[in-house]
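As C-alpha cells, the structure follows; a few thoughts come after it.
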Amino acid sequence: MVDYITRDGVALLQVNNPPVNALSHNVRAEIKNGLDEAGQDKQIKAIVISGKRSFIAGADITEFKSGSYSEWPTIIDLCDLIESSGKPVVAAIKGFALGGGHEIAISCHYRIAHEKSKFGFPEVDIGILPAAGGTQRFPRLVGLEAALDLIPSGRHIGAAQAFKLGIVDKVVRGDAVEEAVKFAKSIAGEPLVDRRTSQRPVMGAENAVSLRDAAVKLAMKKKKGMIAPIHCIKAVMGSLLPFEQGMEIEASEGFMLFTSGQMGALQYAFFAQRAAPKWSLPCGASFKTVKGRPIRNAAVIGAGTMGTGIAMAMLNAGIPVTLVEQDRKFLDKGVSLLKLLYAGSVSLRKITQDQCDAILSKLNTAVGYKSLTNVDLVIEAVYENMALKKQIFAELDRICPPETFLWTNTSALDIDEIASATRRPDKVLGTHFFVPAYHMKLLENVRGKLTSAETVASAQMFGTRIGKIPVVVGNCHGFVGNRMLHKYAHESDFLIEEGCWPEDVDMVAENFGLPLGPFKVRDLS
Ligand SMILES: CCC/C=C/C(=O)SCCNC(=O)CCNC(=O)[C@H](O)C(C)(C)COP(=O)([O-])OP(=O)([O-])OC[C@H]1O[C@@H](n2cnc3c(N)ncnc32)[C@H](O)[C@@H]1OP(=O)([O-])[O-]
C-alpha cells in the first residue's frame with residue numbers, strides 16, 4: 001500500500017491505495033514504517049512522500065463509522081512524525097491533496113505540486129473538521145483570513161492559487177515526483193527550524209474578531225443548517241493560542257462533530273451519491289456488463305421551463321442541442337430565456353463572454369420535427385398530457401433514425417404507454433429532471449417494461465456526463481422522488497391547515513438547510 005523506493009540518498013514513500021489513496025489504517029502504518037526506516041538509514045538524506053496516480057484524498061471515510069480512524073498511528077501521529085523528522089520531508093503532489101492528505105502535505109517541510117493538482121479541506125461537507133492539526137497548521141501557513149475562507153467552505157483550489165497563498169513552494173509542469181526527488185537532494189542537510197509549520201506565527205491575528213465574524217456570517221448563509229462550519233471556525237480561532245493549546249481546542253470541537261447525527265447523515269449521503277448511479281436490472285445486466293452509447297448530439301422537444309433547462313444542462317456539457325417547438329413564438333421565447341440565463345452567468349462571472357458565446361454556438365432551433373433525421377437522442381419535454389406525448393412519439397418514431405433514443409421528461413406518466421406509440425420501445429425511457437433542470441443534481445431514469453439494458457446504460461452515462469446523479473427507477477406512479485416528496489408536501493399542507501403561512505413553512509425548511517422551501521418549489525414547477 002506504500003512503496004518504499006530509494007533514489008540516490010532519497011527515500012520515496014509512494015502511497016498506492018486505489019482508488020483515491022485514502023489513509024486507511026494499513027496505509028498509515030506503512031507510512032510510519034517508511035518514515036522510521038528512512039530515519040534510521042544513514043544513507044538516506046531526505047524523504048519524499050507522494051501518491052501513485054494522485055496524492056492523498058484524505059482519511060478513509062469508512063473508518064469514521066468503524067472507529068478505526070483513531071487507531072495508532074493516527075493521521076495526527078503521522079503529521080507530528082513528519083514535521084519533527086530530522087531529515088527534510090518533501091511532499092510531491094499531483095491530483096488531489098484533500099483533507100488528511102492536505103494535512104500530511106502541510107506537515108511536510110516543502111511542497112512541490114503539479115500545475116493541475118487540487119487542494120482543499122472537504123471535511124466540513126462530511127460533517128467534521130480537519131482534525132489532524134489542519135485547523136492549527138493551515139492558518140500558520142496561509143494566515144487567518146485564507147484559513148477562515150478555505151476550511152469552513154471546503155472549497156478546492158488549484159495549484160496556482162495554492163502557490164499564491166504559500167501552501168506550495170513550487171509548481172511544476174512535468175513529473176512532480178521527479179522534481180521533488182531532485183529538490184529533496186538539493187536541500188538535504190539544510191536547517192529545518194523555520195520549515196516546521198506548527199512553529200510559525202499566525203498572520204492576520206490583529207483582525208481576528210472581524211475575520212471570525214465575517215466567516216460566521218458567510219457560513220450561516222452558504223451552509224445553512226450545518227453545524228460543522230461553526231466548529232471549524234472555532235477550531236481555526238484556536239490557532240491564535242500556542243500550538244498545543246490550539247490542538248486541544250481542535251480536539252474538543254472535533255469531538256462534538258464526531259459524535260453528531262449530522263456527521264453520520266452526511267457520510268451516508270457521500271457514499272449513497274456514489275452508489276446511486278450503479279444500476280442493475282432483474283435480467284442480470286448491470287453497469288459492470290453493459291456499455292452505454294455516447295450521445296453526440298440531441299434535440300429537446302418543448303421550449304418551456306423544463307425543455308430550456310434540459311437543453312441548458314446539455315449545452316453546459318458541450319452537447320450540441322436542437323431546441324424544437326411547434327410554434328416560432330414559443331421557440332423564440334425559450335431561446336430568449338436561455339440567453340438571459342447565460343447572460344446572468346456571465347454577469348455573475350461564472351463563465352466568460354467567450355465561453356457563453358461558445359456554448360450558445362452549439363444551440364440550434366427548429367420549428368417542427370422534420371429536421372431531426374440525424375440525432376442520437378431526443379428528449380421530449382412538453383406538458384404532462386398522455387395523448388399529446390403519444391402523438392409526438394409516433395411522429396418522432398417515423399422521422400428519427402431507428403437507433404435514435406426517444407426519451408420523455410415526465411414526473412408521472414406511464415413510460416410503457418408512451419413507448420407503445422413507437423416501434424422502438426426498447427429505446428424509450430423516462431428522464432425525470434427536477435426544476436431547475438440545469439441546476440438540480442437528481443435525474444431519475446425511468447425504465448419501462450421493454451427498455452433495453454443499452455438504453456439504460458446510455459441514459460446513466462448521459463446523466464453523469466451532464467453533471468447529474470442519475471438513478472435508475474421503475475415505472476410506477478410518482479417513481480421514487482415524487483413518492484418521497486408527496487409525504488413532505490402533505491406535511492407542509494397540514495401546517496397551512498393548522499394556521500401557518502406558506503412563507504413561514506418555507507423559512508423553516510430553508511433554515512434547516514434546503515435551498516428552497518416546499519411552497520417556493522411548487523411555485524417554480
Ligand atoms: C482524522 C480526521 C482528519 C481527516 C479527515 C479527512 O480526511 S475526511 C476525508 C476528506 N476527503 C474527502 O472528503 C474527499 C472525498 N473524495 C472526493 O471528493 C472524491 O472521491 C475525489 C475528488 C477525491 C475523486 O473523485 P472521483 O469522482 O474521481 O471519484 P469518486 O468520488 O467517485 O470516488 C471513487 C471511489 O473512492 C471512494 N472514496 C473517495 N474518497 C474516499 C475516502 N476519503 N474514503 C473512502 N472512500 C473514498 C468513493 O466512495 C468511490 O468508491 P466506489 O463508489 O468506486 O466504491
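What you see is a predicted model; the values in this text were computed from it and never measured. The analysis underlying the following values was restricted to heavy atoms, covering all of them including side chains, and did not include hydrogens, waters or symmetry mates. Ligands are counted one by one from 1 in listed order, and the atoms in each one are counted from 1 as well.
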Ring-plane angle category for Phe462 and Phe433, please: parallel below 30°, perpendicular beyond 60°, tilted otherwise. perpendicular
Does the pair Arg137 and Asp80 meet the rule for a salt bridge (Lys or Arg N to Asp or Glu O under 4.0 Å), with working shown? CA-CA 11 Å; Arg137 285 193 179 87; Asp80 289 346; 3.0 Å; yes
Taking distance alone, with no angle check, do Lys278 and ligand 1 share an N/O pair under 3.5 Å? yes
Quick one: sort the Phe258 and Tyr69 rings into parallel, tilted or perpendicular, breaks at 30° and 60°. parallel
Consider every N or O of Ile126 and every N or O of ligand 1, then say whether any pair is closer than 3.5 Å. no
Do you see a donor-acceptor pair shorter than 3.5 Å between the side chains of Ser210 and Asp213? no
Between Pro122 and ligand 1, is there a nitrogen or oxygen pair with a distance under 3.5 Å? no
Say whether Gly100, considering both its backbone and side-chain N or O atoms, lies within less than 3.5 Å of an N or O atom on ligand 1. yes
Need the ligand 1 atom indices (1-based, order shown) with element for anything under 4.0 Å from a heavy-atom of Gly58. 7 (O)
Would you call Lys223 and Asp125 a salt bridge, taking side-chain N to carboxylate O under 4.0 Å as the test? yes
Do any N or O atoms from the side chain of Glu115 and from the backbone of Ala159 form a donor-acceptor pair under 3.5 angstrom? no
Identity and separation of the nearest protein heavy atom to atom 11 (N) of ligand 1: Ala57 O, 2.8 Å
Heavy-atom gap Glu103 to ligand 1 smaller than 4.0 Å: yes
Strictly inside 4.0 angstrom of atom 25 (O) of ligand 1, do you find any protein heavy atom? no
Suppose I only count heavy atoms of Asp60 and a 4.0 Å limit; which atoms of ligand 1 are within that range? 44 (N), 45 (C)
Which atoms of ligand 1 sit under 4.0 Å from any heavy atom of Pro19? 35 (C), 36 (O)
Whether His114 side chain and Arg173 backbone form a donor-acceptor pair below 3.5 Å: yes
Using distance alone, decide if ligand 1 has a nitrogen or oxygen within less than 3.5 Å of any nitrogen or oxygen in Ile61. yes
Please check this pair: side chain of Gln14 against backbone of Ile5, looking for a donor-acceptor N/O pair closer than 3.5 Å. no
Is it the case that atom CZ in Arg53 sees more than 12 heavy atoms from other parts of the structure closer than 6.0 Å? yes
Lys32 vs Asp36, salt bridge (Lys or Arg N to Asp or Glu O under 4.0 Å): CA-CA, chis, key distance, verdict: CA-CA 6 Å; Lys32 170 159 189 332; Asp36 288 346; 2.5 Å; yes
Number the atoms of ligand 1 from 1 as they appear, then name those within less than 4.0 Å of a heavy atom of Phe96, with their elements. 22 (C)
Identify the protein heavy atom lying closest to atom 2 (C) of ligand 1, giving its residue, its atom name and the separation to 0.1 Å. Ala131 CB, 4.0 Å
Is atom 28 (O) of ligand 1 in close reach of the protein, with a heavy atom under 4.0 Å away? no
For Tyr268, I'd like to know if atom OH has over 12 heavy atoms of other residues, nucleotides or ligands within 6.0 Å. no
Under a 3.5 Å cutoff, is there a donor and acceptor pairing between the side chains of Ser24 and Asp60? yes
Option whose closest heavy atom lies nearest to atom 43 (N) of ligand 1, chosen from Ala59, Ala22, Gly127: Ala59
So, 4.0 Å and heavy atoms of Phe270: is ligand 1 close enough to count as a contact? yes
Distance flag for atom 53 (O) of ligand 1, protein heavy atom under 4.0 Å: yes
Which protein non-hydrogen atom lies closest to atom 46 (N) of ligand 1, naming both residue and atom, and how far is it? Phe271 CE2, 4.0 Å
Taking atom 38 (N) of ligand 1 as the reference point, the nearest protein heavy atom with its distance: Val20 CG2, 3.9 Å
N/O to N/O below 3.5 Å, does that happen between Arg274 and ligand 1? yes
